2 protein chains.
Amino acid sequence: MTSKLPSIRTVANLAGVSTATVSNVLNARRSVAPELAARVRAAVAELGYIADVGASRLRSRKSAVAGVVVPDLANPFFGEFVAALEQAARQDGYELLIVSSGDDPAQEAARLRTLLTWRPAGLIVIPCRDMIAGLDAAHAARVPLIAADRFPEGPAMDVVAVDNRAAAADMARHLIAGGRRHILVAGASLGIGNIRERVEGIRAATRGAAEVELLEVGYTLADSRAHLAERLARGLPPDALFTLNNVATLGAIGAIAAAGLRVPDDLALVGFDDEEWMRAVSPPVSAVHQPVERLGQEAWGRLMARIGGDAAPPRQLRLPCTLELRDSSAPARRSADSTALGRWAQQTRKETLS
Amino acid sequence: MTSKLPSIRTVANLAGVSTATVSNVLNARRSVAPELAARVRAAVAELGYIADVGASRLRSRKSAVAGVVVPDLANPFFGEFVAALEQAARQDGYELLIVSSGDDPAQEAARLRTLLTWRPAGLIVIPCRDMIAGLDAAHAARVPLIAADRFPEGPAMDVVAVDNRAAAADMARHLIAGGRRHILVAGASLGIGNIRERVEGIRAATRGAAEVELLEVGYTLADSRAHLAERLARGLPPDALFTLNNVATLGAIGAIAAAGLRVPDDLALVGFDDEEWMRAVSPPVSAVHQPVERLGQEAWGRLMARIGGDAAPPRQLRLPCTLELRDSSAPARRSADSTALGRWAQQTRKETLS
DNA sequence: ATGAAAGCGCTAACAG
DNA sequence: CTGTTAGCGCTTTCAT
């Protein structure tokens with residue numbers, strides 16, 4: 001009952017040919033007499049034979065498999081990235097091994113090791129921190145590795161990312177043009193290079209034109225909302241809030257509502273990372289739109305080049321983002337004391353008197 | 001320069017032991033003298049040796065790999081599902097091969113075939129239609145297969161899904177309790193079993209209490225919005241809109257705005273599939289919340305049981321959903337002619353006169 | 001154009 | 001406890 005699956009030998013026997021001929025028919029390697037080929041194909045169909053790639057790879061020493069590591073598959077940004085990669089890979093006849101690191105460097109290293117176990121032809125990694133732990137292992141295994149979305153520190157490597165600095169600066173200039181002077185900038189963690197670049201862009205664009213206040217809000221929605229709500233509940237309210245990732249933007253909406261502030265009159269809200277729902281909320285949220293699909297395509301393209309033997313020095317690619325300007329960052333209709341700042345000043349005055 | 005990667009033989013030579021001993025140390029199969037084990041580990045470290053699972057699987061005939069097929073990795077629902085699966089799999093020491101079918105049955109069959117090529121110990125599939133094409137191939141390869149989220153037709157098999165009927169009925173009753181009498185039900189395609197079940201639940205709950213109108217809106221956001229906008233622009237406006245998947249819900253918000261209708265006064269909006277942003281839009285959207293994480297865990301649990309040799313008859317699991325009731329389905333504050341229905345009647349009267 | 005035989009890297013079975 | 005040997009399923013010489 002538990003007879004083994006048909007192997008290439010089973011097929012060869014049934015077709016009355018050698019295993020080599022079966023292999024040649026299936027892989028179209030050497031030419032085979034039409035009649036034999038037909039017999040082989042009939043045997044394959046009858047047995048429901050499916051070749052074992054493991055064995056095939058072992059012998060032929062070629063792969064057509066690439067590994068992918070992303071921080072979190074439940075995050076739509078990474079989901080879209082992986083979807084784009086998968087499509088590109090399939091067009092080149094490659095299979096993808098997709099794993100997630102759970103935003104944990106230790107996991108990242110562990111997953112990378114596991115991937116190497118499969119002898120992939122290459123790796124694409126979205127690092128969860130500013131380093132790729134286990135990079136040495138990939139190097140030792142002589143597997144080309146492309147970093148995507150984030151710039152890892154250390155030795156130069158191929159990176160495909162987005163021009164965070166320019167995009168953030170553009171958005172900051174848009175806020176200033178709208179009359180905003182005190183921008184609260186909220187990111188998951190200011191330790192991530194990506195976030196740092198965005199902050200740098202904002203600082204460069206606002207120098208002398210607006211005050212920038214930084215806030216770390218953590219990786220989860222709950223944390224983002226809590227940190228922002230706490231900040232908005234005390235102290236001088238900003239007249240603009242720039243969230244540096246999609247989760248923080250969602251958290252900001254909740255926190256702003258909890259604080260009783262109005263968008264865009266009390267403060268403008270803009271985010272890095274554009275998602276469909278941002279058009280549906282009210283008011284619609286302005287956002288920096290990243291070319292996720294192209295990010296995937298370009299990363300795959302680089303990897304294919306490396307697999308193909310390209311030995312040029314590592315190249316860093318920066319893709320431009322676009323600004324999706326919507327109502328949340330429209331200029332405020334200011335009237336003295338009707339803004340949040342005005343109300344805050346009034347309240348503070350009262351508190352000082354009492 | 002292009003010397004081969006270290007193999008188990010390289011390690012054995014360096015450590016001065018046999019390959020069997022290296023294998024035993026690395027897999028903790030048979031006990032090995034501490035001193036030899038130490039030598040082996042030193043050699044492994046020195047060489048940066050990483051075992052080749054392909055070869056190991058080939059010889060040992062055991063896998064610890066499962067294949068996963070989902071319709072679209074960019075859809076957060078499937079992303080969360082896969083993330084849950086991955087976590088469960090890792091706890092059992094399994095690796096996942098994740099592929100997507102692009103909502104195309106032909107692709108689904110092709111991807112399934114490719115997965116079988118890897119000799120997985122099992123498969124978890126979210127079918128994109130009411131059949132799993134290539135099911136026979138999996139059966140022939142004697143690979144246990146668990147269907148998730150959707151109920152494929154044909155021979156009975158293990159399925160882990162959600163109780164669509166009950167959840168949709170609960171939500172429909174909520175609408176009726178709120179005074180709604182004309183429910184427009186919008187789903188991607190009424191051909192999907194999942195959607196049919198939800199429609200059945202709604203019909204059962206509304207029988208005699210409210211009118212139900214069905215609308216197919218397609219799979220993409222743009223299509224959903226267009227179809228809904230077109231429907232809302234003509235004919236008798238419904239007093240409730242029940243969207244049957246997350247994409248349609250987002251499309252509905254746009255369509256409702258375009259039609260100039262107010263939620264919940266003109267019509268209530270409720271959706272199947274809950275997402276974080278639904279709490280952030282205004283008004284917040286009521287939704288059926290599916291236990292995605294449990295869906296993944298249960299699917300994995302069934303697969304592990306089957307891999308473990310469980311030969312019990314196929315089991316179909318139905319997980320309960322929860323209703324997240326928010327403002328979009330609050331009872332309408334009705335006043336004659338101020339509702340959309342009233343305005344429509346007025347306008348119709350005028351048109352009839354002219 | 002075809003077949004026989006060797007061997008990819010590993011583990012299982014068998015000796016010792 | 002350790003080493004030797006055979007062989008997993010496939011592709012690739014090398015003969016024919």
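Quick caveat: nothing in here was measured; it's all calculated off a predicted structure. Chain letters run A, B, ... following the sequence lines, proteins first, then strands; residues in each count from 1.
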Heavy-atom donor-acceptor pair, B:R29 side chain to B:N24 backbone, under 3.5 Å: no
Residue-level proximity of residues 19-27 of chain A to DNA chain D when a heavy atom falls under 4.0 Å: A:T19, A:A20, A:S23, A:N27
Test applied, side-chain contact (heavy atoms from CB on, under 4.5 Å); reference residue, A:I132; option that passes from A:V69, A:L123, A:V125: A:V125
Nearest-angstrom distance from the residue atom CZ of A:R9 to P of D:dT11: 13 Å
Contact boundaries on DNA chain C for chain A, cut-off under 4.0 Å to non-hydrogen atoms: C:dA1 to C:dG9
Donor-acceptor under 3.5 Å (A:Q316 side chain, A:M157 main chain): yes
Distance below 4.0 Å between A:K62 side-chain N/O and D:dT12 OP1 or OP2: yes
Check: B:R315 side chain, B:D158 main-chain N or O, donor-acceptor pair, under 3.5 Å: no
Nearest-0.5 Å distance, CD1 of residue A:I8 to CG of residue A:N13: 11.0 Å
Between P of D:dC10 and CG of A:D52, the distance in whole Å: 6 Å
Short side-chain donor-acceptor distance under 3.5 Å, A:T114 and B:E95: no
For atom CG of A:N13 and atom C1' of D:dG9, their distance in whole Å: 14 Å
A:R302 bridged to A:E298 by N-O distance under 4.0 Å: no
Length of the line joining B:L58:CG and D:dC8:C1', which is rounded to integer Å: 4 Å
Qualifying residues under side-chain hydrogen bond (donor to acceptor under 3.5 Å, both in side chains), relative to B:D130, sequence neighbours excluded: B:R196
Partners meeting salt bridge (charged side-chain N to carboxylate O under 4.0 Å, His left out) with A:E80 (sequence neighbours left out): none
Touch class at under 4.0 angstrom, heavy-atom based, for A:V17 against every strand present: sugar-phosphate
Separation of atom CZ in A:R30 from atom C1' in D:dT12, rounded to whole Å: 8 Å
side-chain hydrogen bond (donor to acceptor under 3.5 Å, both in side chains) partners of A:S60, counting only residues at least two apart: none
Length of the CZ-C1' vector between B:R59 and D:dG7, whole Å: 5 Å
Rounded interatomic separation in angstrom, taking CZ from B:R61 and C1' from D:dG9: 9 Å
Positions of residues 37-48 of chain A (non-hydrogen atom under 4.0 Å from DNA chain D), listed by number: none
Any donor-acceptor N/O pair, A:R306 side chain to A:A312 backbone, under 3.5 Å: yes
Residue B:S18, side-chain atoms from C-beta onward, closest of D:dC1, D:dT12, D:dT4: D:dT4
